[in-house]
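Take a look at the structure below.
When a ligand or atom number is given, it counts from 1 through the structure's own listing order.
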Amino acid sequence: MTNATKAYDALMAFQRETEALAQIAGRLGWDQETMMPRGAADQRAEETGALEGVLHARRTDPRIGEWLAAAEGADEVAVAQLRLIRRSYDRATRVPADLVQEIARVTSIAQGIWAEARSKDDVPAFLPVLEQVIGLRQKEAAAIADGRDPYDALIDDYEPGASASSIGAVFDRMRPRLVALREAVLGAAHQPRPISGAFGAEAQLRLSRKLAANFGYDWLRGRLDTAVHPFSSGSGDDVRITTRIVETDPFNCFYSTIHEVGHATYELAIDPDYRLTPLGAGVSMGVHESQSRIYENQLGRSRAFTGWLFTEMRDRFGEFGINSADDFYGTVNRVQPGFIRTEADEVHYNLHIMMRFDLERALIRGDLAVADLEAAWNDRFKADFGVTVQRPSEGLLQDVHWSCGLFGYFPTYTLGNIYAGCLHKALREAVPDLDTALAEGDPSPATDWLREVLQRHGGLRPPRETIAAACGFKPDEGPLLDYLESKFRGIYGL
Ligand code: ZN
């Protein structure tokens with residue numbers, strides 16, 4: 001055995017234990033959002049902080065530097081493993097251990113304060129801890145950025161290779177077409193009707209389970225619970241999802257479930273050889289979101305699939321004020337300038353993201369003071385959506401992200417939409433008769449294709465290359481905008 005091989009094997013064995021501990025940390029996070037008693041928050045903050053400390057010590061262990069210097073990748077997979085470990089090591093060694101622990105401790109407390117403030121519409125209760133979180137992330141970003149834009153350093157954590165300027169340029173190109181589509185749709189003579197009635201929680205969960213199964217979720221290696229903000233969690237053989245239930249709005253539950261199944265099946269589909277290695281997880285938040293979005297929107301909200309869902313819902317819930325599958329398709333895709341990002345339709349969704357992107361970029365750069373954030377949010381919302389925010393829980397207190405310190409995360413949602421648009425274009429060419437299966441409630445030809453061209457590869461290639469390899473062309477915003485215009489002009493008779 002050569003020294004290079006020995007170093008590689010030692011590095012991978014060490015890394016495997018780190019990955020296992022990181023999975024445990026993730027499962028604690030899952031527990032915090034689903035099962036943990038409220039009174040345990042302070043203790044959990046300490047537990048999480050301790051575990052993050054252990055993880056940081058392992059990720060910055062000087063032996064990694066030595067192994068990296070000696071190791072050589074024998075094949076494409078080994079080269080990719082080394083690339084990801086080197087990247088993580090370079091980032092981790094730039095950030096002091098006490099700062100990492102402080103970020104874990106403060107963000108854990110901040111999430112509790114945010115939840116309380118949100119339930120009471122109390123912005124002043126949240127701002128001091130938000131200011132603390134921003135200060136800590138600014139410090140971290142400055143340590144990593146090495147003279148570059150500190151916000152880029154934060155984005156890079158979620159979407160390797162992306163930058164604020166490249167994303168800003170894409171958003172600038174998208175905005176006029178989205179605004180024009182929004183105006184046309186809201187001004188259309190034909191407007192789809194909303195759904196009406198009460199939909200029992202148990203029946204919603206039962207149909208959610210069926211939807212998850214149809215989209216390929218593996219119940220042997222997963223489970224479904226409820227949470228305030230639906231999410232998926234874990235990699236390998238334990239990938240859990242959550243959904244939420246609103247009795248008057250069953251779509252909230254159904255499409256949250258389908259969305260999270262997209263995230264979860266991606267993780268579950270990754271080559272088992274990559275388990276508990278850097279390649280054994282989704283490659284970036286943007287690529288992850290492309291899987292959840294294509295499941296939820298391009299497949300789950302398609303005319304063909306909603307035709308099946310209409311029959312399924314009529315069988316389970318009786319009448320709910322919609323008379324035909326065509327009308328139901330309009331109802332599922334109804335466009336409305338609502339306040340809440342997670343409930344936004346496909347036309348408005350990216351406008352929510354662009355607004356958060358501009359605000360958080362200004363916060364991290366120090367161009368916007370926390371004290372001015374609420375006014376900045378409300379002004380921008382009025383300008384972009386034409387309605388006035390009435391309550392902070394429908395405004396800047398609606399999202400958990402900033403309390404968790406997740407600055408730079410929001411733009412990955414729109415990158416995910418862009419990637420989903422590209423994948424959908426390639427998918428329709430690869431599987432021309434897809435609608436026949438979707439009309440029977442069976443998305444498996446699509447999920448099989450995604451598994452083959454993208455999901456099984458995990459972190460093998462960088463994000464944009466992952467999408468390009470799957471699609472056969474370089475990703476840009478064109479296919480998403482074409483899809484949105486064609487779909488919504490059709491529904492609204494424009
Ligand atoms: Zn998602």
Side-chain angles (χ1 to χ4, degrees), residues 26 29-30 33-34 111 155 157-160 162 167 208 211-212 215-217 222-235 239-244 251-270 281-301 338 340-346 348-357 360 398-424 443 446-447 450-451 454-455 458-459 463 466-467 475 480:
W30 169 84
E33 301 298 318
T34 53
Q111 284 171 59
I155 293 178
D157 203 13
Y158 311 114
E159 197 65 18
I167 292 171
S208 275
L211 288 165
F215 273 90
Y217 189 50
R223 53 177 289 135
L224 174 69
D225 297 275
T226 55
V228 177
H229 272 268
F231 64 96
S232 76
S233 161
S235 292
V239 189
R240 306 174 188 194
I241 58 172
T242 60
T243 189
R244 65 175 151 203
F251 297 141
N252 201 316
C253 178
F254 301 153
Y255 286 99
S256 294
T257 302
I258 296 174
H259 180 101
E260 300 308 334
V261 164
H263 284 301
T265 52
Y266 180 17
E267 292 290 336
L268 290 165
I270 294 172
V283 68
S284 72
M285 294 302 151
V287 174
H288 236 296
E289 199 64 12
S290 75
Q291 301 308 289
S292 58
R293 296 295 163 136
I294 195 170
Y295 279 51
E296 177 188 352
N297 292 330
Q298 280 88 353
L299 302 172
R301 289 192 165 91
I340 306 294
R341 173 187 62 86
T342 56
E343 294 167 9
D345 55 76
E346 288 181 82
H348 281 101
Y349 190 88
N350 297 301
L351 294 171
H352 284 275
I353 295 304
M354 291 172 188
M355 167 179 159
R356 285 159 178 74
F357 169 73
E360 67 175 20
Q398 67 181 269
D399 292 309
V400 72
H401 301 61
W402 289 341
S403 74
C404 302
L406 295 175
F407 292 89
Y409 192 110
F410 279 123
T412 67
Y413 291 120
T414 289
L415 286 179
N417 284 328
I418 291 169
Y419 294 158
C422 297
L423 290 166
H424 183 238
T447 52
L450 287 165
R451 187 167 296 147
L454 190 148
Q455 295 176 346
T466 297
I467 300 296
L480 172 68

Quiz prompt | the Zn ion (ligand 1) to Glu289: nearest N/O/S atom name | solution = OE1
Exercise. Look at Glu260 and state whether any of its N, O or S atoms is less than 2.8 Å from the Zn ion (ligand 1).
Key: no
Quiz prompt | For the Zn ion (ligand 1), the closest N/O/S atom belonging to His263 | solution = NE2
Quiz item: Do side-chain atoms of Glu289 reach the backbone of Thr412 as a donor and acceptor pair under 3.5 angstrom?
Solution: no
Self-check item: Expected output: side-chain Arg293 to main-chain Ala420 donor-acceptor under 3.5 Å
Solution: no
Practice problem: Give a yes/no answer: is there an N/O/S atom of His288 under 2.8 Å from the Zn ion (ligand 1)? | Solution: no
Self-check item: Nearest-0.5 Å distance, OG1 of residue Thr265 to CD of residue Gln455
Solution: 4.5 Å
Quiz item: Has Arg223 got its NZ or CZ under 6.0 Å from the middle of the six-membered ring of Tyr217, at an angle within 45 degrees of the ring axis?
Solution: no
